[in-house]
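Remember, it's 1-based here, ligands and their atoms both numbered in the order they're listed.
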Amino acid sequence: MASAEKPLLFGYFRSSCTWRVRIALALKGIEYDQQPVNLIKDGGQQLTDDYKRVNPMLQVPALRIDGVTLSQSLAIIEYLEETRPSPALLPRDPVQRARCRIISDHITSGIQPLQNLSLHTLTRLLCGRFRVDMTPYPTISRINQSLMALEAFQVSHPSRQPDTPPELRA
Ligand SMILES: N[C@@H](CCC(=O)N[C@@H](CS)C(=O)NCC(=O)O)C(=O)O
């Protein structure tokens, strides 16, 4: 199923939706190229006619792979899982799979829209990021710490992407 051509990821270094696709690609050991789409510069490069031809929803990420261009981070990750099943991202047990999907849907359908609201109304105005005190959320902090110990998460991190500005590089 996998084609010889390297996949091309359209994304933005600090877009969390793009980051999760980068993580899936890294976990599966899939080599890919990146086409940065700066969501802030020039009023948002995702709004250009050129990008509209890539993803008519005018959002990142989009992944060109196997001769098709896919959007929606979870749909992309599921496509990778179905076409490149090893190593598996989803657990084998149906209940565990359901739990994984519950958390994923919660993030993409519940949290993401709020994040986008802050992108539109605040980030574009202030060009900054907000530091959230995570001490009241020890479970999330622990999960984050465990995941960040994995190489796939480190190489996919926003501070290490081709379009990461020098001042934000780690
Ligand atoms: N449900 C979509 C959400 C995509 C999304 O919200 N992308 C954001 C970046 S994380 C974006 O492109 N925002 C720019 C805009 O909406 O103008 C997914 O999971 O891929």
Side-chain angles (χ1 to χ4, degrees), residues 7-28 30 32-84 88-90 97-132 134 137 140 143-144 147-148 152-165 167-170:
L8 178 63
L9 178 64
F10 297 83
Y12 183 48
F13 72 102
R14 69 177 172 194
S15 140
S16 57
C17 322
T18 309
W19 188 7
R20 74 177 70 100
V21 173
R22 288 196 301 258
I23 292 167
L25 287 162
L27 284 170
K28 284 186 174 289
I30 301 168
Y32 63 100
D33 291 321
Q34 295 203 46
Q35 175 61 59
V37 179
N38 193 309
L39 300 184
I40 309 289
K41 206 171 150 196
D42 309 326
Q45 294 174 344
Q46 76 279 24
L47 306 177
T48 60
D49 285 345
D50 274 355
Y51 191 68
K52 195 177 192 173
R53 280 188 281 277
V54 175
N55 180 8
M57 286 300 291
L58 305 174
Q59 289 183 322
V60 293
L63 185 70
R64 191 164 286 164
I65 185 167
D66 302 336
V68 290
T69 304
L70 305 172
S71 62
Q72 292 294 336
S73 56
L74 285 189
I76 294 171
I77 292 169
E78 288 200 21
Y79 177 83
L80 296 177
E81 184 78 339
E82 285 165 10
T83 56
R84 291 145 177 91
L89 300 180
L90 282 170
R97 288 168 92 91
R99 293 221 163 97
C100 183
R101 289 182 170 126
I102 289 168
I103 295 171
S104 305
D105 281 348
H106 188 60
I107 292 169
T108 56
S109 309
I111 297 173
Q112 191 76 51
L114 285 176
Q115 237 178 309
N116 284 357
L117 191 67
S118 82
L119 180 79
H120 283 291
T121 59
L122 298 170
T123 313
R124 282 204 180 134
L125 287 175
L126 302 174
C127 285
R129 283 305 251 196
F130 298 94
R131 298 260 163 226
V132 177
M134 291 302 288
Y137 312 105
I140 296 176
I143 292 170
N144 184 57
L147 293 178
M148 285 315 302
F153 283 71
Q154 291 165 10
V155 297
S156 313
H157 194 271
S159 63
R160 292 178 61 179
Q161 300 314 303
D163 55 332
T164 308
E167 65 277 15
L168 297 177
R169 284 199 165 271

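An N or O contact shorter than 3.5 Å is missing between Thr108 and ligand 1 by distance. Polar contact check, Gln46 against ligand 1: a nitrogen or oxygen pair lies under 3.5 Å apart. Not a single N or O atom of Ser16, backbone or side chain, sits closer than 3.5 Å to an N or O atom of ligand 1. Of the N or O atoms in Val60, one or more lie within a sub-3.5 Å distance of an N or O in ligand 1.
Here is the list of ligand 1 atoms found below 4.0 Å of a heavy atom in Ser15: 9 (C), 10 (S). Close contacts of ligand 1 with Arg20, meaning ligand atoms under 4.0 Å from a residue heavy atom, involve 19 (O). Residue contact check: Pro61 has heavy atoms under 4.0 Å from atoms 20 (O) of ligand 1.
Ligand 1 has no atom lying under 4.0 Å from any heavy atom of Gly44.
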Discussion item. For a side-chain contact (heavy atoms from CB on, under 4.5 Å) check, start with the C-alpha distance between Arg53 and Thr69, then their side-chain angles and the critical distance, and finish with the verdict.
Written reply: CA-CA 10 Å; Arg53 280 188 281 277; Thr69 304; over 6 Å; no
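When atom types are taken as modelled, the side chain of Glu81 and the backbone of Ile76 share no donor-acceptor pair closer than 3.5 angstrom.
Under 4.0 angstrom from ligand 1, the non-hydrogen atoms of Leu39 all belong to its side chain.
Atoms CD and OG1, on Gln161 and Thr164 in that order, are 5.5 Å from each other to the nearest 0.5 Å. Put simply, CG on Asp163 and OH on Tyr12 are 7.5 Å apart, with the number rounded to the nearest 0.5 Å. Atom CD of residue Gln59 and atom CZ of residue Phe10 lie 15.5 Å apart, to the nearest 0.5 angstrom.
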Throw together a table of side-chain donor-acceptor distances under 3.5 angstrom for residues 99-111, partners on residues two or more places apart or in other chains.
from: Ser104; atom 1: OG; to: Cys100; atom 2: O; distance (Å): 2.8
from: Thr108; atom 1: OG1; to: Ser104; atom 2: O; distance (Å): 3.1
from: Ser109; atom 1: OG; to: Asp105; atom 2: O; distance (Å): 3.3

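Under the side chain to side chain donor-acceptor pair (under 3.5 Å) criterion, Arg20 pairs with Ser73, Gln112, not counting sequence neighbours.
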